K.L.:
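Sharing a structure below in structure tokens format, with a few things to ask.
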Amino acid sequence: MQLIIFGPPGVGKGTQANLLSQNFNIVHVSTGDILRDAVERGTELGLKAKAIMESGGLVPSDIMAGIVDEVLHSEKLSKGFILDGYPRTVNQAKTLDVILETLPDTKIQIISLTAQDSIIIDRLSHRRLCINCNKIISLYSIAKENECPECGSKETLTKRKDDEPEVIQQRLDVYKEKTFPVLAYYENKTDVISVDAAKEIKEVTQSILEKLK
Ligand code: AMP
């Protein structure tokens, strides 16, 4: 199974991609996670990407193409994958078409998650990254103050630099200008599964599962 999960920042792509990867036993490929890991490790890629990510911009497409080409050809993806965060421009979508042609048996299904800006801004403002387990968590899901609900560690929840209010607005602007047109690109080529992601996490997963073939 090969899935692309599409939607604005903060709509819940990462959360749903994680759940779907467990459900179908496929690999969750998040380009944002790959870049954050490179930034943390201070690799050449990380050094190039850091400032761009912190300002809410897009990492150059030639760099992204190299990353996606390499990861999609990896052996552990042979059972399938769910791609989260790519493509983010129509040019990236065209590059992905070329990459997919080099893989055996591609049958991509596209999931589009939608929610109003007000919901997205609220979710992004209440989102934290646990620096111990690297999971993104919502402050709404926390039972004990300052304790990560995933790994139980204390005082490890931090705000991603790109979840600061002015960067959130910038990311939404970039989404509307550069990423939203990707949806029309796919709608002209294939069926797109559209799911209202304003609902509870479980309900959203259920709707996706019902609509997937
Ligand atoms: P995400 O975790 O998907 O929200 O991605 C975090 C940041 O990583 C984005 O705001 C971009 O700066 C960068 N990024 C992730 N995926 C891409 C991509 N496909 N193209 C360009 N930049 C990307």
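Quick caveat: nothing in here was measured; it's all calculated off a predicted structure. Ligands are counted one by one from 1 in listed order, and the atoms in each one are counted from 1 as well.
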K.L.:
Between I108 and L103, is there shared hydrophobic-cluster membership here, with clusters defined by ILVMFWY side-chain heavy atoms closer than 4.5 Å?
P.N.:
yes
K.L.:
Could you tell me whether S30 and ligand 1 have an N or O pair separated by under 3.5 Å?
P.N.:
no
K.L.:
Do me a favour and list the nearest non-hydrogen protein atom to atom 12 (O) of ligand 1 with residue, atom name and distance?
P.N.:
G57 O, 2.6 Å
K.L.:
So is there a nitrogen or oxygen of P87 less than 3.5 Å from a nitrogen or oxygen in ligand 1?
P.N.:
no
K.L.:
Looking only at distance, does D33 have an N or O less than 3.5 Å from an N or O of ligand 1?
P.N.:
no
K.L.:
Between ligand 1 and R36, can you find any atom pair, the residue atom being a heavy atom, that is separated by under 4.0 Å?
P.N.:
yes
K.L.:
Mind checking whether F6 and Y175 have parallel, tilted or perpendicular rings, split at 30° and 60°?
P.N.:
tilted
K.L.:
Counting heavy atoms not belonging to Q22, are there more than 12 under 6.0 Å from its CD?
P.N.:
yes
K.L.:
At a 4.0 Å threshold, what atoms of ligand 1 neighbour a non-hydrogen atom of Q92?
P.N.:
18 (C), 19 (N), 20 (N), 21 (C)
K.L.:
Is it the case that atom CD1 in I63 sees more than 12 heavy atoms from other parts of the structure closer than 6.0 Å?
P.N.:
yes
K.L.:
Given R88, Q170, R171, K178, identify the one with the heavy atom nearest to atom 9 (C) of ligand 1.
P.N.:
R88
K.L.:
From atom 14 (N) of ligand 1, work out which of L35, V59, D163 has a heavy atom at the shortest distance.
P.N.:
L35
K.L.:
Take D191 and K211, measure what salt bridge (Lys or Arg N to Asp or Glu O under 4.0 Å) needs, and give me the verdict at the end.
P.N.:
CA-CA 11 Å; D191 287 342; K211 291 184 180 184; over 6 Å; no
K.L.:
Answer yes if L183 and L100 sit in the same cluster of Ile, Leu, Val, Met, Phe, Trp and Tyr residues linked by side chain heavy atoms under 4.5 Å apart, and no otherwise.
P.N.:
yes
K.L.:
Looking only at heavy atoms, is any part of E54 under 4.0 Å from ligand 1, and if so is it the side chain, the backbone, or both, or is it neither?
P.N.:
neither
K.L.:
Write out the residue and atom name of the closest protein heavy atom to atom 7 (C) of ligand 1, then the distance separating them to 0.1 Å.
P.N.:
M53 CE, 3.8 Å
K.L.:
Going by distance alone, is a donor N or O of one side chain under 3.5 Å from an acceptor N or O of the other, for S138 and S141?
P.N.:
no
K.L.:
State whether the shortest distance between N or O atoms of L58 and N or O atoms of ligand 1 falls below 3.5 angstrom.
P.N.:
no
K.L.:
With clusters defined by side-chain heavy atoms of hydrophobic residues (ILVMFWY) lying less than 4.5 Å apart, directly or transitively, does I5 cluster with L35?
P.N.:
no
K.L.:
Could you tell me whether some N/O pair between D162 and ligand 1 is separated by less than 3.5 angstrom?
P.N.:
no
K.L.:
What residue and heavy atom of the protein are closest to atom 16 (N) of ligand 1, and at what distance?
P.N.:
T31 OG1, 2.8 Å
